[in-house]
Amino acid sequence: MNQKMHEQAELADGRTVCAGCGAVAEGTLPTWTCSVENGERRYFCDACARENIRAIEGRLDSSWW
């Protein structure tokens with residue numbers, strides 16, 4: 001994973017941030033969804049992933065939904 005992707009997916013202290021709602025988790029949780037959009041890795045918490053699962057499975061960028 002390149003540095004740009006790493007910086008956008010995690011805070012400096014290693015906590016993962018949800019790209020949808022901004023929720024913060026310690027590390028990468030196995031129940032969160034990871035998506036690569038325009039070369040950037042984005043994580044989505046359980047709630048955001050559930051709300052948008054059809055768009056995620058359809059490979060639509062999060063900016064669309």
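The structure displayed is predicted, hence computed values, not measured ones.
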CG/D46 to OG1/T33 distance, rounded to the nearest 0.5 angstrom?
7.5 Å

Closest heavy-atom contact between R41 and C34?
CG-SG, 3.4 Å

Using every non-hydrogen atom in the two residues, find where A19 and F44 come nearest and quote the distance to one decimal.
CB-CE2, 3.7 Å

Excluding sequence neighbours, so at least two apart, what forms side chain to side chain contact (heavy atoms under 4.5 Å, CB included) with C21?
C18, A23, C45, C48

Rounded distance [0.5 Å steps], OG1 in T16 versus CZ in R42
15.0 Å

